[in-house]
Amino acid sequence: MSAASVPKPIRERDIDARTLAVVTENTQRPESPADLPTQYTPAEVEGKLYERWVERGYFEADAKSEKTPYTIVIPPPNVTGSLHLGHAFQHTLMDALTRRKRMQGYEALWLPGMDHAGIATQNKVEQQLAEEGKSRQDLGRDEFVRRVWQWKEEYGGKILGQMRRLGDGVDWSRERFTMDEGLSRAVQTVFKKMYDDGLIYRAERIINWCPRCLTAISDIEVEYQEDDGELVQLQYGEGEETVVVATTRAETMLGDTAVAVHPDDPRYRHLIGKQIKLPLTDRTIPVVADSHVDPEFGTGQVKVTPAHDPNDFEIGRRHDLPMITVMDERGVITVPGPFEGLDRFEARSAIVAALREQGRILEEKRPYKHSVGHCSRCKTTIEPRLSMQWWVKVAPLAQAAGDAVRDGRTKIHPADMSSRYFDWVDNMHDWTISRQLWWGHRIPVWYGPGGEVVCVGPDEEPPGGEGWTQDPDVLDTWFSSGLWPFSTLGWPDETPDLAKFYPTDVLVTGYDIIFFWVARMMMFGTYVMDEVPFHTIQLTGLVRDEHGKKMSKSFGNVVDPLDWMDAYGSDALRYTLASGANPGTDVPIGEDWVKASRNFANKIWNATRFALMNGATVEGPLPDPSEMSATDRWILSRLNATVAEVDAYYEDYQFAKLSDALRHFAWDEVFDWYVELSKTTFFAGGRPAEVSGRVLGEVLDVMLRLLHPVVPFVTETLWTTLTGGESVVVAEWPSDSGFRDAEAEAELAAVQQAVTEVRRFRADQGLQPGQKVPARLDLDGTPLAAHEEPIRQLLRLQPAGDGFQATASLPVVGATVALDLSGAIDVEAERKRLAKDLAAAEKELKQTTAKLGNEAFLAKAPDHVVDKIRTRKSAAEADIERLKGQIEKLG
RNA sequence: GGGCGCAUAGCUCAGCGGUAGAGCGCCUGCCUUACAAGCAGGAUGUCACUGGUUCGAUCCCAGUUGUGCCCACCA
């Protein structure tokens, strides 16, 4: 049996979730801190804490409050899904921001809600129906919409549950849904206003049509990807008058109504105006001159299909060509003849085959890589289609939206992301807003028997009587979400909420929906409210897996946030996400990282528990610094510096940095040094020293408040136990008292250096922890005197008599700690170590000497740099002298 | 075809004109009277390549290579 397979004895652990549940549920403060279990078990606690926060109304904002408002509206998740890590990420940031502001005394509102997600949701429900062998047409419009509402109730609830689990401090009393009555009214009001202002119009144009969803979609709902196609050259015409055109979509030739050449192309000037026989049909088509044609591409002759291609549509309009539609809404050929009834792809091969038979295929390139549009919802190949749709005239709105960022009324963070915004806003085409769907806001337009068109506002009666019908289409889902920042606050009514909370402060969202959503909100906000919807746009990256790969179902690397929250707690997930949040960059995350964050939460838990058991307290005033030890002053100095640092990072949305600063302060400084050093005082007389206990209480109190926005759950139980306060949610955000003590910081740096050096010595020497080493600790100089006992304790050194065999001396500020050790010391090991240090010091001396001998350097380098090099040089010299002496002593 | 970004430790990423950093991982020793989800000690980098600017370049500039993303109606 190998050593590795010998099971390690299982250590008795004190895991008892029930204890904690009792503690947190029934009593704010346990009888004794020892009642807190030694391991933090988040799963059971978090839910209870959350519900208590909600019951107490901590997250409900008051529009009548005198406090300064701070508002964030949530990017409404689609009711179609469940929340993924990307949501968890953004929610963590928004929650941390609002929690901090609430603690700072703002009237903080984080408004929750969901988006009806028209096409996406309709597709889901249609899928569900398909499983029952039904279609939406079988149900009829009203019944189908009822089904979708049912679906919304079921799945929307799941999302809300996930938000609670994450700890989202949202105001549930203000929860909104884009199909709510109030929001529908906002949609109709805006539609009417835009219609009256001439910003909404109806026109027949080529749009992106999804033959599977059976609706128009906007340009940005089309995803282009490189597909393998087939480029063929077709010969049209007969005898002298033939042309050769290239196409990847041969089936559209049935709808060709012209061939175009460039007006200046000398090769084809003679053809302009001639009629060409179109194969497979009995039609002839003209040759037209249009400067859109690129003479360099292919033959310089282009087939023109105005009803099935956006460019050709424009050419058709310029030359007044007929527009022949050759397929129906499902992409099936409708032209009478041999191809009728064939699907567009079947028709393509059939037509190529037929032309090949006639010898009219001159060249075939297969495969031919080209960019093809797909429906972003169902991936079906988009079919450009001529149809009548409603449009928004974007230019004036986009201008205003762009100006708002240009003149700084809205700031984009990080700033270099703003180029994406401008690229879009400055080049936006008109927006197709009608969708041939049933789920969504129905277009408030009625058509009369004589072709009259009436747009009806929300408080107006639609025209009655024979022959009047409402437009069957609904609006693009982004039309209603574009109104979100003010429709959720009660607009078009002049509500107290609207007055208090609009414009909102910051929008936190992914850079991937700048065009879909951010730009639209900016357009609607400036147009409808005459005021920007938010002062700051904080763009986040996308959450990726631990190797930076995109999370997708096909890679199989999608993670349900609930799984990780169940295993490691919400705090762990939140901390991990926050610590990965460098502005604008994607956020990789892996399970091991969440585990590490769980360990951090556990560390906070245990260290605080330990401190509580040993007299950390917030009772009474903080003692005067003159009564404190240098260690006390050091940690308070660091505490206040950390408060300032964290605040600065929050103001700049630097979540990764503030998370790191918090962990460093808590773990490295408070737990590993301050608590450890305090142990001596704690244990010295069996009772904690009063001053240190109070200082430690202060440090923990502030630290927990500082941590709370990111890790709300673990901090709540500990903080209420420590302080007896009602809840850290409504505690005051710490502020920098301004206390700094450079002297104490320097002294502690020296102590740390000394202690580390001695530990290193022990490790090098292979001294066992339990092994008592007779030694004498000399403090040369006084500043360290206060720490003699702590160091002795940590090292387990015992004062002894004479008889030394080896010496290690340690450099500290203004003093040398001479550590004389007796006993079985490995002289060779120490000699090797010292030699290594000596070599490093000599290298340093050489480098600094060379630098200081460089006149150009001395002349041009700034003083502080030169001083730094000088200091380094003298330090190196001292080190060398010291090390040489030590080596000599070793004999 | 345009535009933007990135290349730093085994992995994921900070950083920055003046001695290379963190987390995780790794090596060694430890069940030290809170925490082994822990403690202590340690190792690890031609900062992609080639030039240039500078007293000094991982950092600024140019080019090269690799890589990612966004936009675009190339028939």
Side-chain angles (χ1 to χ4, degrees), chain A residues 8-9 11 13-14 33-34 36 38-40 206 219 224 231 245-249 260 292-294 296-299 301-305 309-314 370-371 373 384 416-417 419-420 423-424 427 511-512 514-515 542 544 546-548 568 572 576 579-580 582 584-590 592-593 595-614 656-657 660 663-664 671-672 675-676 679 683 755-756 759-764 766-770 794 796 843-844 847-848 851 854-862 864-866 868-869 872:
Chain A
K8 277 177 94 171
R11 233 184 138 206
R13 284 188 189 165
D14 184 13
L36 295 172
T38 63
Q39 274 196 336
Y40 178 52
I206 295 277
D219 291 350
Y224 286 89
L231 183 73
V245 298
T247 183
T248 53
R249 298 203 302 147
H292 172 261
V293 177
D294 175 8
E296 304 294 318
F297 188 94
T299 58
Q301 300 172 321
V302 183
K303 66 193 276 301
V304 181
T305 324
D309 182 277
N311 291 318
D312 295 3
F313 176 77
E314 294 303 324
H370 64 142
S371 179
D416 46 337
M417 280 280 177
S419 61
R420 279 197 197 213
D423 280 354
W424 173 254
N427 298 299
Y511 61 70
D512 55 326
I514 291 176
F515 311 143
L542 275 25
R544 296 173 175 272
E546 69 268 39
H547 294 295
Y568 307 109
T576 310
S579 61
N582 289 301
T585 65
D586 288 348
V587 182
I589 188 169
D592 283 351
W593 309 354
K595 207 182 281 184
S597 300
R598 185 271 315 263
N599 295 353
F600 176 43
N602 190 54
K603 185 71 183 181
I604 297 170
W605 178 265
N606 266 301
T608 307
R609 172 177 179 271
F610 173 78
L612 287 168
M613 288 192 295
N614 287 285
K657 293 204 170 62
D660 193 56
R663 188 186 40 69
H664 172 70
F671 302 152
D672 282 350
V675 171
E676 291 303 323
K679 276 182 179 174
F683 298 146
V755 170
T756 302
R759 280 175 182 159
R760 186 237 94 209
F761 179 81
R762 293 187 62 103
D764 280 2
L767 298 175
Q768 296 300 305
L794 277 170
R796 296 193 161 197
K843 189 181 165 194
E844 174 79 354
Q847 281 175 354
T848 49
K851 199 121 201 184
N854 183 334
E855 282 181 26
F857 168 72
L858 292 175
K860 299 202 176 180
H864 72 274
V865 172
V866 178
K868 212 166 139 189
I869 305 282
R872 275 169 50 200

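As the structure is a prediction and not an experimental result, all values here were calculated from the model. Keep in mind that the numbers below use all heavy atoms, side chains included, and drop hydrogens, waters and symmetry copies. Convention: sequence-line order gives letters A, B, ...; per-chain numbering from 1.
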Find the distance [X]:[atom1] to [N]:[atom2] and express it as a whole number of Å.
X	N	atom1	atom2	result
A:N854	B:U54	CG	C1'	12 Å
A:K868	B:U19	NZ	C1'	8 Å
A:F600	B:G38	CZ	P	12 Å
A:R759	B:U28	CZ	C1'	16 Å

From the set [options], return the single nucleotide nearest to any side-chain atom of [X].
X	options	answer
A:F610	B:A75, B:A34, B:A72	B:A34
A:P588	B:C13, B:G18, B:C35	B:C13
A:N599	B:G38, B:C55, B:G41	B:G38
A:D672	B:U12, B:G18, B:A40	B:A40
A:N582	B:A75, B:G18, B:C13	B:C13
A:A763	B:C69, B:G18, B:G41	B:G41
A:K860	B:G42, B:U54, B:A75	B:U54
A:W424	B:A72, B:C35, B:C55	B:A72
A:T756	B:A34, B:G18, B:G41	B:G41

Query - Presence of donor-acceptor pair under 3.5 Å, side chain of A:R609 and base of B:A34 - result: no

Query raised in the report: Do the side chain of A:E676 and the base of B:A34 come within less than 3.5 angstrom through a donor-acceptor pair of N or O atoms?
Result: yes

**Report entry** Complementary nucleotide for B:U54 - Watson-Crick or wobble, under 3.5 Å
**Finding:** none

Query raised in the report: Taking any strand in view, what nucleotide pairs with B:A48 in a Watson-Crick or G-U wobble way, both distances under 3.5 Å?
Result: B:U64

Query raised in the report: Between A:K657 and A:N582, what is the shortest heavy-atom contact and its length?
Result: NZ-OD1, 4.3 Å

Query raised in the report: Taking the nucleotide of RNA chain B with the closest heavy atom to each, which residue, A:D423 or A:F515, is nearer the 5' end?
Result: A:D423

Report task. With RNA chain B as reference, determine whether A:K657 or A:E844 sits nearer its 5' end, using the nearest nucleotide of each. Result -> A:K657

Requested in this report: Look at A:S371 and B:A72 and indicate whether a side-chain polar atom (N or O) is within less than 4.0 Å of OP1 or OP2.
Outcome: no

Report task. Look at A:R872 and B:U19 and indicate whether a side-chain polar atom (N or O) is within less than 4.0 Å of OP1 or OP2. Result -> yes

Requested in this report: Between B:G21 and B:A43, how far apart are the P atoms? Round to whole Å, please.
Outcome: 12 Å

